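Model, not experiment: these values are computed from the prediction. The first residue in the sequence is number 1, and the count goes up from there.
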Amino acid sequence: MSRKKILFLLSDTGGGHRASARAIEEGIEYLYPGRYDIIIEDVWSHHMVWPIRLMPDTYGWITGPGKPLWAVLWKMTSYQSLQKGMFGLFSPMVKSSVARYIQSRQPDLCVSVHPLMNHLGLQWVAHAGLDIPFITVVTDMVSFHPSWICPQVDRCLVPTEEARKRALSFGMPPEKLAVHGQPVGLKFARLDGNKSRWKTRIGLDPQRAAILLIGGGEGYGQMYRIARRLSATVQGSQLIVVAGRNKKLKERLEKTCWGIPTRIYGFVDNMPELMAAADLLVTKAGPGTISEAFIAGLPLILSGYIPGQETGNVYYVRNKKAGVYSRSSKKIARLAQEWVEGSSAVFQELVGNANRLARPNASLDIASDICRFL
Ligand code: UDP
C-alpha cells in the first residue's frame with residue numbers, strides 16, 4: 001500500500017516557518033513511523049513568477065533595516081479590502097503553476113505554515129482538482145497577521161490562548177480551532193536542567209554563567225553592540241553569540257577581542273544544546289526562539305521585534321513575567337548582570353514562569369491533530 005502524502009506549504013521568510021514544518025514532520029514521524037510521506041515546499045521561491053519570486057530574499061532587509069516600511073505594509077495589508085486586492089493580484093500569477101505542482105505530487109492533505117498560503121492555498125488545491133483536508137498551523141504567537149485566518153480551512157491550530165481569541169475575532173469558527181503551542185523540535189523536550197553538564201559537553205566553563213545571544217535565523221538586531229556591552233559588563237560570565245545567516249556580523253564578531261570567554265557561531269543546528277547550557281537568553285522576539293527558551297527554562301531579555309507579527313510576543317513575555325524588553329544595550333547588559341550575579345530569587349521566579357509557559361509536546365499534539373484527518 002502506498003504511503004499517504006502530507007504537503008506543507010510555506011515561504012522561507014525568516015527561519016521560523018521551515019523550523020516549524022520540520023518540527024511537525026518530526027512529530028509525525030515519531031508518532032507514526034514510516035506511515036506518511038512528508039513534502040515541505042517553498043511555494044513562493046519555486047513557483048512564483050520572476051521578479052516576485054525574489055521577494056523572500058528582501059525579507060531580511062525589510063524586517064531589519066527597512067522595519068518602518070514593513071510596519072506600514074503590515075498595517076495596510078491587515079485591512080480586508082487591501083488583503084483581497086493583494087491576493088487578487090498574486091493569485092492569477094501562480095495559480096496554474098502551483099496547481100500543476102500540487103497535482104503532480106497528489107497529496108492527501110495540505111498544511112499551511114505561512115500567512116500567504118491559506119487563502120491562496122485553498123484556491124491552488126481546488127484548481128488542482130483535489131478535494132483534500134486543508135489545515136493551517138499558525139506559527140506566530142499572539143499578534144499574527146490577519147491573512148493567517150481563512151475560515152474555510154478544515155482546521156486551524158494556534159500556539160496560545162491569545163492567538164485563539166484573535167483567530168475568533170477574524171471569523172474562524174470555534175470548533176475548527178485548537179491551542180497546541182508553537183511547534184518546536186522534539187530535542188527541546190528531552191533536555192534536562194543540568195546546566196553544568198551541558199556546558200562541559202559543549203566545551204564551556206561549567207563554573208561560569210553563560211549568556212546566549214541570538215537574532216533569529218538571519219542574525220537580526222543590534223547584536224554586535226549588545227555583545228560588546230555584555231562582554232564589558234558581565235565580567236564573571238561567558239558569552240555564546242549565534243549570528244545565524246548574517247555572515248558580515250559573524251566576521252565582525254570574529255575579528256573582535258572579547259573581555260570574557262566568547263564563542264561565535266554562524267547558523268547552528270544544535271540550538272537545543274546551546275539553550276540547555278545557557279543561563280540567560282538575549283534575543284529578538286521570534287516566536288520559535290521564545291517557545292524553545294520556555295522549554296529550556298531560560299529567562300528572556302528581548303532586544304527587539306519585527307513590528308506586527310512579533311509585537312504581541314513582547315507583551316506576552318512581559319505580562320507572563322518570563323522576561324523583559326529593552327532596546328538599550330546598556331540596560332540589557334545591566335539587567336543580565338543583575339540576573340546572573342544578583343538575587344537568585346528574582347532569577348528563579350523568571351525560570352519558573354518560563355517553565356510554566358513551556359509546551360514541549362506541541363509538535364506531537366499538532367502531528368496527532370493533523371493525522372486524524374487522514
Ligand atoms: N535557529 C537555528 N539556528 C540558528 C539560528 C536560529 O536553528 O543559527 C532557529 C531557532 O532555534 C528557531 C528559528 O531558527 O527555531 C528562528 O525562528 P524565530 O521564530 O525565532 O525567528 P525568525 O528567524 O523566523 O524570524
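- Annotation: the span from L281 atom CG to D279 atom CG amounts to 11.5 Å, rounded to 0.5 Å.
- To the nearest 0.5 Å, atom CE of residue M141 and atom CD1 of residue I290 are 5.0 Å apart.
- Here the CD1 atom belonging to I332 is positioned 9.5 Å from the CZ atom belonging to R225, to the nearest 0.5 angstrom.
- Salt-bridge check for D12 with R18: passed, with a basic side-chain N closer than 4.0 Å to an acidic carboxylate O.
- A donor-acceptor pair under 3.5 Å is absent between the side-chain atoms of E341 and the main chain of E338, judged by distance alone.
- In the displayed structure, Y32 atom OH is contacted under 6.0 Å by more than 12 heavy atoms of other residues, nucleotides or ligands.
- A distance-only check finds no donor-acceptor pair linking the side chain of S329 to the backbone of I226 [under 3.5 Å].
- In K195, the NZ atom is crowded: over 12 heavy atoms of neighbouring residues, nucleotides or ligands sit closer than 6.0 Å.
- The environment of R318 atom CZ is dense: over 12 non-hydrogen atoms of other residues, nucleotides or ligands sit within 6.0 angstrom.
- With R263 contributing its side chain and G203 its backbone, the two residues share a donor-acceptor pair below 3.5 Å.
- For the pair I24 and F8, the tightest heavy-atom approach, listed with the atom from each and the gap, is CG2-CZ, 3.8 Å.
- Using bins of under 30°, 30° to 60° and over 60° for the plane-to-plane angle, the ring pair H47/Y101 lands in the tilted bin.
- Listed by first and then second residue, the ring pair (Phe, Tyr, Trp, His ring centres under 6.0 Å) pairs involving residues 252-297 amount to none (not counting sequence neighbours).
- For the pair S231 and G259, the tightest heavy-atom approach, listed with the atom from each and the gap, is OG-N, 3.0 Å.
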For residues 126-134, dump all side-chain donor-acceptor pairs below 3.5 Å to protein atoms at least two apart in sequence or in another chain.
none

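- Taking a 6.0 Å sphere around NZ of K5, one finds it holds more than 12 heavy atoms contributed by other residues, nucleotides or ligands.
- The environment of NZ in K331 is sparse: at most 12 heavy-atom neighbours from other residues, nucleotides or ligands sit within 6.0 Å.
- The backbone N or O of I260 sits less than 3.5 Å from a side-chain atom of T262, completing a donor-acceptor pair.
- Annotation: side chain of P107 is not in contact with side chain of L109 (no heavy-atom distance under 4.5 Å).
- In this structure T77 satisfies the side-chain hydrogen bond (donor to acceptor under 3.5 Å, both in side chains) test together with H145, sequence neighbours excluded.
- Y325 has its ring centre less than 6.0 Å from the ring centre of Y305.
- In this structure, the separation between CG on L212 and CD on Q238 is 11.0 Å, given to the nearest 0.5 Å.
- In this structure, N118 contributes its side chain and C150 its backbone to no donor-acceptor pair below 3.5 Å.
- Listed here is the closest heavy atom pair of D369 and A178: OD2-CB, 4.0 Å.
- Contact check for I6 versus D108: no side-chain heavy atoms found under the 4.5 Å cut-off.
- Q348 contributes atom CD, which lies 11.0 Å from atom CG of N353 (distance to the nearest 0.5 angstrom).
- When all heavy atoms of G181 and I366 are compared, the closest pair comes out as O-CD1, 3.7 Å.
- Not a single donor-acceptor pair under 3.5 Å links the side chain of T139 to the backbone N or O of H17.
- In terms of modelled atom types and a separation under 3.5 Å, the side chain of T256 and the main chain of R252 share a donor-acceptor contact.
- Once rounded to the nearest 0.5 Å, the distance linking CG of N270 with CD of E273 reads 5.0 Å.
- Identified under the salt bridge (Lys or Arg N to Asp or Glu O under 4.0 Å) test for residues 21-48, with sequence neighbours left out: R3-D37.
- Clustering of Ile, Leu, Val, Met, Phe, Trp and Tyr side chains at separations under 4.5 Å places L73 together with Y59, W61, I62, L69, W70, W74, Y220, I306.
- What you find for I135 and I370 is that their closest heavy atoms are CD1-CA, 3.9 Å.
- Smallest separation of non-hydrogen atoms from L204 and A210: CD1-CB, 4.3 Å.
- Every salt bridge (Lys or Arg N to Asp or Glu O under 4.0 Å) that E161 has, sequence neighbours left out, goes to R164.
- Donor-acceptor pairing under 3.5 Å is recorded for the side chains of T13 and H114.
- In this structure, R155 fails the cation-pi test against F373, since its NZ or CZ atom is not both closer than 6.0 Å to the six-membered ring centre and inside 45 degrees of the ring normal.
- Hydrophobic cluster membership is shared by L116 and L9, with clusters built from Ile, Leu, Val, Met, Phe, Trp and Tyr side chains linked at under 4.5 angstrom.
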